[in-house]
Enquirer: 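Just passing along the structure, written as structure tokens.
Throughout, numbering of the chain's residues begins at 1 and tracks the sequence. Treat the numbers as computed from the prediction; the structure is a model and nothing was measured. Below, all heavy atoms of this structure are taken into account, side chains as well, without hydrogens, waters or symmetry copies.
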Amino acid sequence: MKRAILAALGLATSLAVPAAAEDIKVGLLLPFSGVYASLGNDIEAGFNLAIAQFGSDTDATFDIIREDTEVKPPVALGKAKKLILQDNVDVIAGIVSSGVLGAMRDMVHGAGVPLIVANAGNDEATGTDCSPFITRMSFSNSQVNRPMGAWMQGQGIGKVFTLAPDYAAGRQMIDAFTASFTAAGGEVVGQEFTPFQKTQDFGPYLAQAKASGADAVYVFYAGGEAISFVKQYDSFGLKTELPLYGSGFLTSPLYVNAEGPAAEGVITALHYVPTIDTDANRVFAEAFTEETGRVPSEFAVQGYDAARALIEASKTGASDRATLANALRQVSFDGPRGTLSIDPLTNNVVQPIYVYETVAGENGLTQQVLAQLPAEADPANGCEMAPVVN
């Protein structure tokens, strides 16, 4: 057998012996059905593109086993168990839902299987629930919102009304923004959390925002809720008198065209937009569009960089679970987002954040980058990580 496995309570603790450097088994665990299927498809397309572009830079070859989480924690746990015990994967990559990541944490930690997170942003994953086997190449919820507080206050915006769906990600994103905004001298004059995936009429909340005396509104919404919110904000006639700002998922390239002209003028912040003016991003964006026929989203680049991180880790000679986990924690490279590295105190990615405005372009809506905010490591947030072992 390639490695011995000690089973306990249906999970596994692996005693990894070195695999051949040219043979790394990868479990790609993503939603390919259900509400997040489009995210999973973009992540997979980005992941495969990076393997094609950079795979020849290493002696390793990658055997990818694809599994569908269906965005259901019990299903994801069953698929992860199969990948670990039956397929004997060396590494797992993917995970879109924070709920799925939270459910999988103890399994991958106990089994000693490295997990490269390509989306899920729950702060706890690189905070109180951190693990030396979990490396996040996407973002944390706080990370993409924290810089906007000081930036907006610096633009002369003194009072803000905030809105977000009432679940963990919504609260974490808004809390990070409000903490930095108030620390910079701003004032939050109103705050509401709307029922998650149940709010169809945002009118009452928009009326509150209009009457609050705010200079601007800051929100987090994503997917279908983002489309509905942006359209209703525009139809309510607020954009001219009460500018709309938010987390960049509000106007993601994945679905901004569904928002149409209502998205024009909305200013948001995110770790990636397809109009970043660098050679690395142009190479990625052109190749992705040629391969898929669509503009790359933040989800696509997360898959791309997750695969790139695995390739970089394999260059060190790492091939089994333990050495791959350790090598992933030390990865650093220049990619479409800019310079990326992993904070060894949390295993969270460190990356620049881009402030951008959605504008009309020659071929539809596009992104005009207004500012690149410095890369900052997240606070440890209760993470007690063992030091990197070389």
Enquirer: Any non-hydrogen side-chain atom of Q191 less than 4.5 Å from a side-chain atom of T178?
Expert: yes
Enquirer: Do F202 and Y221 have their ring centres less than 6.0 Å from each other?
Expert: yes
Enquirer: Determine the sole option in N122, D378, T346 for which the side chain to side chain donor-acceptor pair (under 3.5 Å) test with S140 is passed.
Expert: D378
Enquirer: Side chain to side chain contact (heavy atoms under 4.5 Å, CB included) for T162 and F220? Distances and angles first, verdict last.
Expert: CA-CA 8 Å; T162 70; F220 161 72; over 6 Å; no
Enquirer: Please confirm whether R308 makes a cation-pi placement over F54, using NZ or CZ under 6.0 Å from the six-membered ring centre and within 45° of the ring normal.
Expert: yes
Enquirer: For A118, does its backbone N or O pair with a side-chain atom of S138 as donor and acceptor, under 3.5 Å?
Expert: no
Enquirer: Answer yes or no: are there more than 12 heavy-atom neighbours, outside K159 itself, under 6.0 Å from its atom NZ?
Expert: no
Enquirer: Sequence neighbours left out, cut at 3.5 Å: what donor-acceptor pairs do the side chains of residues 292-299 make with other protein atoms?
Expert:
{"residue": "T292", "atom": "OG1", "partner": "F288", "partner atom": "O", "Å": "2.8"}
{"residue": "T292", "atom": "OG1", "partner": "R294", "partner atom": "N", "Å": "3.2"}
{"residue": "T292", "atom": "OG1", "partner": "R294", "partner atom": "O", "Å": "3.4"}
{"residue": "R294", "atom": "NE", "partner": "D42", "partner atom": "OD1", "Å": "2.6"}
{"residue": "R294", "atom": "NH2", "partner": "D42", "partner atom": "OD1", "Å": "2.8"}
{"residue": "S297", "atom": "OG", "partner": "D42", "partner atom": "OD2", "Å": "2.6"}
{"residue": "S297", "atom": "OG", "partner": "F299", "partner atom": "N", "Å": "3.2"}
{"residue": "S297", "atom": "OG", "partner": "A300", "partner atom": "N", "Å": "3.3"}
{"residue": "E298", "atom": "OE1", "partner": "S252", "partner atom": "OG", "Å": "3.0"}
{"residue": "E298", "atom": "OE2", "partner": "S252", "partner atom": "OG", "Å": "3.0"}

Enquirer: Thinking salt bridges, do D277 and R282 make one under a 4.0 Å N-O criterion?
Expert: yes
Enquirer: Below 4.0 angstrom, N of the basic side chain to O of the carboxylate: do K25 and D87 qualify?
Expert: no
Enquirer: What's the verdict on side chain to side chain donor-acceptor pair (under 3.5 Å) for R136 and T126, showing C-alpha distance, side-chain angles and the deciding distance?
Expert: CA-CA 8 Å; R136 180 153 50 196; T126 47; 2.4 Å; yes
Enquirer: Among T278, N281, D305, whose side chain to side chain donor-acceptor pair (under 3.5 Å) with R337 holds?
Expert: D305
Enquirer: Does NZ in K210 sit with more than 12 non-hydrogen atoms of other residues, nucleotides or ligands closer than 6.0 Å?
Expert: no
Enquirer: Just checking, R321 and F133: is the charged tip under 6.0 Å from the six-membered ring centre and within 45° of the axis?
Expert: no
Enquirer: Taking atom CD of E290 as the centre, report whether more than 12 heavy atoms of other residues, nucleotides or ligands fall under 6.0 Å from it.
Expert: no
Enquirer: Check F62 against S314 and note the closest heavy-atom contact, atom names and distance.
Expert: CZ-OG, 3.9 Å
Enquirer: Identify whether the distance between the nearest side-chain nitrogen and carboxylate oxygen of E67 and K82 falls below 4.0 Å.
Expert: yes
Enquirer: Could you tell me whether the side chain of I64 reaches within less than 4.5 Å of the side chain of F47, counting heavy atoms only?
Expert: yes
Enquirer: Within a strict 4.5 Å, meaning less than it, do heavy atoms of the T275 and Q368 side chains meet?
Expert: no
Enquirer: Apply the test side chain to side chain contact (heavy atoms under 4.5 Å, CB included) to residues V217 and V160: give CA-CA distance (whole Å), side-chain angles for both, the deciding distance (0.1 Å), then the verdict.
Expert: CA-CA 5 Å; V217 172; V160 164; over 6 Å; no
Enquirer: I would like to know whether E357 and V266 meet side chain to side chain contact (heavy atoms under 4.5 Å, CB included); could you show each step before the answer?
Expert: CA-CA 6 Å; E357 180 178 358; V266 178; over 6 Å; no
Enquirer: Which of parallel (below 30°), tilted (30 to 60°) and perpendicular (above 60°) describes Y218 and F177?
Expert: parallel
Enquirer: If the plane angle is over 60° it's perpendicular, under 30° parallel, otherwise tilted; pick one for Y167 and F196.
Expert: parallel
